[in-house]
Visitor: 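Have a look at this one.
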Amino acid sequence: MEEKDLIQHGYRYALSLTHHHYDAEDLVQQAWIKLHKKYGTVENKNILFTTVKNIFLDRYRKNQIVVFEALENQDTPTKDHSPGAEIDMETILSTLKYEEREALYLNIVEGFTAKEIAKQTGKSRGGILSLIFRAKKKLEKTFSETDDGKRRA
């Protein structure tokens with residue numbers, strides 16, 4: 001895989017964790033530099049993803065930043081989603097916890113199996129399946145609300 005493609009994969013993964021494009025760019029840059037200093041190259045996206053996630057977790061632990069998550073039963077304000085209105089994907093994705101966004105991204109976008117995601121994240125396969133299931137249900141609920149209460153197939 002070319003470096004440019006590897007960086008793009010890393011950026012999209014970092015974005016799924018941070019939910020902010022500047023933070024995602026910083027994470028990928030830090031991970032890239034760290035891997036180049038240590039190995040002289042970045043071999044594959046698994047090692048890049050692992051490094052990005054470790055830096056992400058370290059950053060929040062060091063800065064003692066509290067990540068506030070929406071309560072499950074709390075209604076989120078919705079924008080005008082009448083036909084022709086633009087859907088704000090950032091708002092919709094913000095309803096997910098970072099672990100849910102990460103699992104969903106790795107599964108749907110990167111095509112990893114639950115077993116592969118579990119190995120990469122250090123969680124159980126069942127835990128990953130649960131995260132993916134919950135994320136899909138939350139998104140389904142949010143999308144159904146954007147369609148004036150009608151469920152999409």
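From a predicted model like this one, the values you see are computed outputs, not experimental measurements.
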Visitor: Hey, mind stepping through V42 and H36 against side chain to side chain contact (heavy atoms under 4.5 Å, CB included) and telling me if it holds?
Guide: CA-CA 6 Å; V42 180; H36 267 277; 3.9 Å; yes
Visitor: In this structure, are over 12 heavy atoms from other groups packed under 6.0 Å from Q30 atom CD?
Guide: yes
Visitor: Taking atom NZ of K53 and atom OG1 of T50, what is their separation to the nearest 0.5 Å?
Guide: 9.0 Å
Visitor: Taking E110 for its side chain and N107 for its backbone only, find out whether a donor-acceptor pair lies under 3.5 Å.
Guide: no
Visitor: Compare all side-chain heavy atoms of F112 with those of N46 and state whether any distance is below 4.5 angstrom.
Guide: yes
Visitor: Quick check: do Y98 and L57 have side-chain heavy atoms less than 4.5 Å from each other?
Guide: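 Side chain of Y98 against side chain of L57, heavy atoms only: contact under 4.5 Å found.
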Visitor: Side chains of D5 and E2: does their closest heavy-atom pair fall under 4.5 Å?
Guide: yes
Visitor: Hey, what's the ring geometry for Y105 with Y13, parallel, tilted or perpendicular (30° and 60° as the breaks)?
Guide: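 Tilted: the ring planes of Y105 and Y13 meet at 30° to 60°.
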Visitor: Would you say T18's side chain and A14's backbone share a donor-acceptor pair under 3.5 angstrom?
Guide: yes
Visitor: May I ask you to decide whether K97 forms a salt bridge with E102, counting only side-chain N to carboxylate O separations under 4.0 Å?
Guide: no
Visitor: Quick one, F49 and Q120 - any side-chain contact, counting heavy atoms below 4.5 Å?
Guide: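 Yes - at least one pair of side-chain heavy atoms lies under 4.5 Å apart.
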Visitor: Identify whether L131 and V109 are in the same connected component of the hydrophobic contact network (ILVMFWY, side-chain heavy atoms under 4.5 Å).
Guide: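 Same cluster: L131 reaches V109 through Ile, Leu, Val, Met, Phe, Trp or Tyr contacts under 4.5 Å.
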Visitor: Report the distance from atom NZ of K45 to atom CG of L6, rounding to the nearest 0.5 Å.
Guide: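 The CG atom of L6 is 8.5 Å from NZ of K45, to the nearest 0.5 Å.
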Visitor: Nearest 0.5 angstrom please: T95 OG1 to K141 NZ, how far?
Guide: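 T95 atom OG1 to K141 atom NZ measures 9.5 Å (nearest 0.5 Å).
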Visitor: Given side chains that start at C-beta, do those of L104 and L139 come closer than 4.5 Å, heavy atoms only?
Guide: yes
Visitor: Which heavy atom of A118 sits nearest to which heavy atom of K123, and what is that distance?
Guide: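 In this case the closest contact between A118 and K123 is CB-O, 3.0 Å.
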Visitor: Assess the residue pair S16 and R12 against the criterion (side chain to side chain donor-acceptor pair (under 3.5 Å)); give the C-alpha distance rounded to whole Å, side-chain angles, the decisive distance to 0.1 Å, and a yes or no.
Guide: CA-CA 6 Å; S16 78; R12 289 192 304 264; over 6 Å; no
Visitor: Would you say R125's side chain and A114's backbone share a donor-acceptor pair under 3.5 angstrom?
Guide: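 A pair under 3.5 Å: no.
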Visitor: Roughly how far apart are I55 CD1 and L27 CG, rounded to 0.5 Å?
Guide: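 Output value for this atom pair is 6.5 Å.
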Visitor: Does one hydrophobic cluster hold both I7 and Y22, with members joined at side-chain heavy-atom distances below 4.5 Å?
Guide: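 Looking at the clustering, Y22 is in a separate group from I7.
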Visitor: Does I128 reach the side chain of T121, with side-chain heavy atoms less than 4.5 Å apart?
Guide: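 The answer is yes; the side chains approach within 4.5 Å.
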Visitor: Below 4.5 Å, heavy atoms only, C-beta onward: do K136 and I108 meet side chain to side chain?
Guide: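 Yes, at least one pair of side-chain atoms sits under 4.5 Å.
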Visitor: Distance-only, no hydrogens or angles: does the T41 side chain make a donor-acceptor pair with backbone N or O of E43 under 3.5 Å?
Guide: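 Not confirmed, T41 side chain does not pair with E43 backbone.
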Visitor: Rounded to the nearest 0.5 Å, how far does OG1 of T142 lie from CG of L96?
Guide: 7.5 Å
Visitor: Could you tell me whether the side chain of K137 reaches within less than 4.5 Å of the side chain of R134, counting heavy atoms only?
Guide: no
Visitor: How long is the gap from CD on E3 to CG on L48, to the nearest 0.5 Å?
Guide: 11.0 Å
